[in-house]
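Everything numeric in this text was worked out from a predicted model, so none of it was measured. Numbering starts at 1 and runs along the sequence shown. The figures here come from the full heavy-atom set of this structure, side chains too, leaving out hydrogens, waters and symmetry mates.
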Amino acid sequence: MSRLKKILPIYLFLLISVASCSSDDSGDEGINPVDPPTAATLIFPENNTECNEGVIISDSETDVLFQWQDVTNASSYILKVTNLNDGTSRTISTLSNEFLLRILRGTPYSWSVISLASDTTETTESVVWKFYNSGLPQESHPPFPAEAISPQSGASVNEGEVSLQWEATDIDNDIVSYTVYLDSANPPVVEVGSTSNTSVNTTVTSGQVYYWKVVTTDQIGNTSDSQIFQFGVN
């Protein structure tokens, strides 16, 4: 009996020690969360330039090699390319940091890259670049479609005077004017201003939803239509 009394405390001590270690091990899980992948740095096609290095397939198409720097903690990428004339987008999954894509000639595009990692569901998108895919030889290029700054599409504003603001770029840097259309109907057909500035003031009514767009014109008469933006009025 005396021998059993001596062994029992030792057995209890070992049991508690094992339980403590097991508890500590399980507590380590999740202490170091996995960081999302870093944003990819875009390389080519370059921003706000004309891309004329693609492989010409026909009068209407070229194969362009999209390239970006490899991200060390990314396991794959999603390349997103948007036709700025009609707003349609293509998304391509790839394990490489480059992808050869067939696109239309004489057309403006934007593109970006989303980085993914196998050990986290978080993703990171790069900056968005725009370029003009060269077409048949020409001396001038149409402007890139204008992008809304304020009000952002889907925003709400107070009734009364509102300032419509946008931005636009052109490879030839020869934009001369903007024509702005605002309407409660979609597509908007009511012209509310023609200006060389990138903003115009107009009056809006409470309870209405408005649609607006900007037509950009360059020095030789090339034009581009923006997407149709919308906002509500409180």
Less than 4.5 Å apart, any side-chain heavy atom of [X] and any of [Y]?
X: P45; Y: W111; answer: yes
X: I78; Y: I92; answer: no
X: P108; Y: N85; answer: yes
X: V81; Y: L101; answer: yes
X: F44; Y: C51; answer: yes
X: I220; Y: D218; answer: yes
X: W212; Y: N186; answer: no
X: F144; Y: I175; answer: no

Apply the test side chain to side chain donor-acceptor pair (under 3.5 Å) to residues T94 and S96: give CA-CA distance (whole Å), side-chain angles for both, the deciding distance (0.1 Å), then the verdict.
-> CA-CA 5 Å; T94 176; S96 175; 4.9 Å; no
What distance separates [X] [atom1] from [Y] [atom2], expressed to the nearest 0.5 Å?
X: E50; Y: D172; atom1: CD; atom2: CG; value: 8.0 Å
X: H141; Y: Y132; atom1: NE2; atom2: OH; value: 6.0 Å
X: K130; Y: I171; atom1: NZ; atom2: CD1; value: 10.5 Å

Are a donor atom and an acceptor atom from the side chains of N83 and T107 found within less than 3.5 Å of each other?
->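 Checked: N83/T107 side chains show no N/O donor-acceptor pair below 3.5 Å.
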Going by atom types only, do S112 and E125 share a side-chain donor-acceptor pair under 3.5 Å?
->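 E125 and S112 do have a side-chain donor-acceptor pair below 3.5 Å.
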Kindly indicate, with the supporting measurements, whether the criterion side chain to side chain donor-acceptor pair (under 3.5 Å) is fulfilled by S199 and N197.
-> CA-CA 6 Å; S199 67; N197 299 319; 5.8 Å; no
Walk me through it: do S206 and N234 pass the test side chain to side chain donor-acceptor pair (under 3.5 Å)?
-> CA-CA 5 Å; S206 177; N234 298 323; over 6 Å; no
Taking all heavy atoms of [X] and all of [Y], pick out the closest pair and write down the distance.
X: T120; Y: D35; result: CG2-O, 4.1 Å
X: I43; Y: E46; result: O-CG, 3.6 Å
X: Y210; Y: S184; result: CD2-N, 4.2 Å
X: Y109; Y: L104; result: OH-N, 2.9 Å
X: V128; Y: N47; result: O-OD1, 4.5 Å
X: V127; Y: L42; result: O-CD1, 3.4 Å

Using links of under 4.5 Å between side-chain heavy atoms of ILVMFWY residues, direct or through other members, which residues join I56 in one cluster?
->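 I56 clusters with nothing; isolated.
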Would you check, one step at a time, whether the test side chain to side chain contact (heavy atoms under 4.5 Å, CB included) holds for F231 with L164?
-> CA-CA 11 Å; F231 62 89; L164 304 178; 4.0 Å; yes
F66 and F99: aromatic ring centres closer than 6.0 Å?
->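 Not under 6.0 Å, so no.
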Answer with yes or no after comparing the ring centroid distance for Y77 and W68 against a 6.0 Å cut-off, counting only values under it.
->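 Between W68 and Y77, which both carry aromatic rings, the centre distance is below 6.0 Å.
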Under the salt bridge (charged side-chain N to carboxylate O under 4.0 Å, His left out) rule, collect the residues that match up with R102, sequence neighbours excluded.
->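 Result, salt bridge (charged side-chain N to carboxylate O under 4.0 Å, His left out) vs R102: D63.
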I would like to know whether V162 and T202 meet side chain to side chain contact (heavy atoms under 4.5 Å, CB included); could you show each step before the answer?
-> CA-CA 6 Å; V162 62; T202 188; 3.7 Å; yes
Just do the side chain to side chain contact (heavy atoms under 4.5 Å, CB included) check on N73 and T38 with the steps written out, would you?
-> CA-CA 7 Å; N73 60 335; T38 54; 3.6 Å; yes
W129: what forms a ring pair (Phe, Tyr, Trp, His ring centres under 6.0 Å) with it, not counting sequence neighbours?
->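 Result, ring pair (Phe, Tyr, Trp, His ring centres under 6.0 Å) vs W129: none returned.
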Verify the neighbour count for atom CD of Q227: are there more than 12 heavy atoms of other residues, nucleotides or ligands below 6.0 Å?
->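 No, not enclosed.
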Take T179 and V214 through the side chain to side chain contact (heavy atoms under 4.5 Å, CB included) test and state the conclusion after the steps.
-> CA-CA 6 Å; T179 305; V214 179; over 6 Å; no
